[in-house]
Each structure stands twice: as structure tokens, then as C-alpha cells.
Amino acid sequence: VGRRDAAEQTLLAAQSVAQEAQDDRSLAEVLMQAGAAAVSGQDFDRAFAVSERATALYRSLGDIVGEARALANLAAAAVRQSRWETARNANLRAAATFEMAGDTRGLARVLMNLAMLHGRCGAIAEGRRYLVLAREHQRRLQDDRAVTASLLNESFLALWQGRPQEARAL
């Protein structure tokens, strides 16, 4: 908890400096980090609010990769709050934005998030569809770790569908 408090103080100080300097790019990045820290610290209301601000700021700057990253943070906070439709929409917007930016790695991560979100909501077939898309990108990137994570997530989907044999085979 002590380190988390120190990190929070550092982020607040950085936010203050960026605001005083009227440095919107730095402020957007600080807000992005604050949103991620709030998710890690399980302060999901704050994570959601800060990520919304970061998303809007990145959008106003024309930084589509930053916007997509902030949308992914916003989606992560929404999932933790069981705001499924909000999480789905934020992830879909992040995926479209990463795709538009040509950021295949970011796109693959968001597709994995969409897969697990759909699985949690009982839409297993849709979740699998997103995993297949994510894995295609991960293989093109030769990202073996991400491919392994994708296969693990597919086993979770199989378990949630009541198919333990299939989960073990993966």
C-alpha cells in the first residue's frame, strides 16, 4: 500500500505540472498511467473517469494510438464494474482505432479482451471468433507468448461452455 500511495502522489504531481504547463500530450499520458494504476489498485470508478478524460484528450490531440490505449483502459475498468456493454463498446472502439493506426499488437490484445468479455457474458462462439482473429495477428507478429495466452483463454471458454475435455486438449 505504501508504494501505491507514493505512486499516486507522483502521478498527481505529474498531472499538476502538465496542467500548469498546459502540456496536453504529457497530461494525456499522465492520465493514461493514472487510469492503469487505478485499475491495478482496484479503484475502478476513478480508473473509468480518468480513462475517459485521457481518451478525450488523446482524441483532441489526434493521437489515435493513445486514444486506443486509453479506450482499452476504460474497457478494463468497465469490466471490473460489470458494465459489460460499456466494456464491449470501448473495446470495439479501441480495436477499430488500433486497426486504423496499423497497431497490430494493440489490436490483438483488444481482440483477446473482447473474446474473454464475450465468454463471461455467455457468448462463447463470439468469444472464440475474437480469439481466432487475435491469434492470426499474434502469429503474424511471431508473438509465441501471446499465442500461448490465446490458447489458454480458449481453454477457459471451453470450460465455461461445459467442455472440460476440449479445455484439457488445448
Side-chain angles (χ1 to χ4, degrees), residues 1 3-4 7 29 31-52 54-56 58-59 63-170:
V1 175
R3 278 201 250 167
R4 188 175 300 142
E29 190 58 35
L31 291 171
M32 176 70 185
Q33 297 303 322
V39 168
S40 294
Q42 299 186 11
D43 185 353
F44 304 123
D45 289 333
R46 184 175 190 300
F48 191 85
V50 169
S51 295
E52 277 188 314
T55 300
Y58 278 124
R59 186 178 306 118
D63 182 342
I64 60 175
V65 172
E67 180 182 351
R69 289 174 42 230
L71 282 165
N73 267 5
L74 190 142
V79 163
R80 301 310 192 303
Q81 295 172 312
S82 300
R83 295 169 65 176
W84 309 120
E85 194 59 28
T86 299
R88 180 179 178 277
N89 289 336
N91 273 318
L92 286 171
R93 286 176 45 212
T97 306
F98 276 130
E99 189 167 33
M100 185 173 31
D103 186 335
T104 305
R105 194 170 306 279
L107 175 60
R109 274 194 308 269
V110 171
L111 290 171
M112 291 252 297
N113 292 343
L114 278 163
M116 299 314 289
L117 174 62
H118 280 82
R120 285 180 182 179
C121 294
I124 304 296
E126 188 74 1
R128 282 199 165 128
R129 188 177 72 78
Y130 282 117
L131 278 178
V132 166
L133 290 172
R135 213 165 21 251
E136 287 173 9
H137 293 298
Q138 293 158 345
R139 286 190 172 126
R140 259 187 256 125
L141 291 166
Q142 298 179 0
D143 188 344
D144 294 337
R145 178 178 271 165
V147 170
T148 300
S150 175
L151 290 168
L152 177 63
N153 285 343
E154 192 163 346
S155 70
F156 282 122
L157 293 178
L159 284 173
W160 292 342
Q161 198 172 28
R163 297 173 145 175
Q165 307 306 70
E166 184 179 333
R168 277 192 281 280
L170 290 168

Looking only at heavy atoms, the pair that brings Ala115 and Gly127 closest together is CB-O, 3.1 Å
Any residue meeting salt bridge (Lys or Arg N to Asp or Glu O under 4.0 Å) with Arg135, in chain and number order, not counting sequence neighbours: Glu154
Which value, rounded to the nearest 0.5 Å, describes the distance between Asp144 atom CG and Gln142 atom CD? 8.0 Å
Phe98 side, atom CZ; Asp103 side, atom CG - distance, nearest 0.5 Å: 5.0 Å
Any residue meeting side chain to side chain donor-acceptor pair (under 3.5 Å) with Gln165, in chain and number order, not counting sequence neighbours: Arg168
Return the set of residues passing side chain to side chain contact (heavy atoms under 4.5 Å, CB included) with Asp143 (not counting sequence neighbours), or none when no residue passes. Arg105, Leu141, Arg145, Ala146
If the condition is salt bridge (Lys or Arg N to Asp or Glu O under 4.0 Å), which residues does Arg80 pass it with, not counting sequence neighbours? none
Would you indicate whether the side-chain heavy atoms of Thr148 and Leu152 approach each other to under 4.5 Å? no
Could you tell me if Arg83 sits above the aromatic ring of Phe44, with its cationic atom closer than 6.0 Å to the ring centre and no more than 45 degrees from the axis? no
ring-ring contact (aromatic ring centres under 6.0 Å, His included) pairs touching residues 134-170, sequence neighbours excluded, are none
Please give me the minimum heavy-atom distance between Ala167 and Ser155, naming the atom from each residue. CB-O, 3.4 Å
Applying ring pair (Phe, Tyr, Trp, His ring centres under 6.0 Å), can you list everything that pairs with Tyr130, at least two apart in sequence or on another chain? His118
Those residues that, when tested against Ser51, pass side chain to side chain contact (heavy atoms under 4.5 Å, CB included) (two or more places apart): Asn73, Leu74
Atom OG1 in Thr104, atom CD in Glu99: separation rounded to 0.5 Å? 8.5 Å
In terms of heavy-atom contacts, Tyr58 and Glu67 come closest through CB-N, 3.4 Å
Sequence neighbours excluded, which residues qualify as side chain to side chain donor-acceptor pair (under 3.5 Å) partners of Gln161? Arg128, Arg163
Partner set under salt bridge (Lys or Arg N to Asp or Glu O under 4.0 Å) for Arg129, not counting sequence neighbours: Glu126
Roughly how far, to the nearest 0.5 Å, is the CD1 atom of Ile124 from the CG atom of Leu159? 10.0 Å
Arg109: side chain to side chain donor-acceptor pair (under 3.5 Å) partners, not counting sequence neighbours: none
What's the separation between atom CD in Glu136 and atom CG in Leu131, rounded to the nearest 0.5 Å? 11.5 Å
Closest approach of Met116 to Asn153 (non-hydrogen atoms, all atoms of both residues): SD-CB, 3.3 Å
Minimum heavy-atom separation for Val79 to Leu117, with atom names? CG2-CD1, 4.1 Å
Counterpart residues, salt bridge (Lys or Arg N to Asp or Glu O under 4.0 Å), relative to Asp63 (two or more places apart): Arg25
If I compare all heavy atoms of Ala54 with all of Met32, which pair ends up nearest, and what's the gap? CB-N, 4.0 Å
Under the side chain to side chain contact (heavy atoms under 4.5 Å, CB included) rule, collect the residues that match up with Ala72, sequence neighbours excluded. Val110
What's the spacing between Asn91 CG and Thr86 OG1 if we round to 0.5 Å? 11.0 Å
Indicate yes or no: at least one non-hydrogen side-chain atom of Glu52 is less than 4.5 angstrom from one of Thr55. no
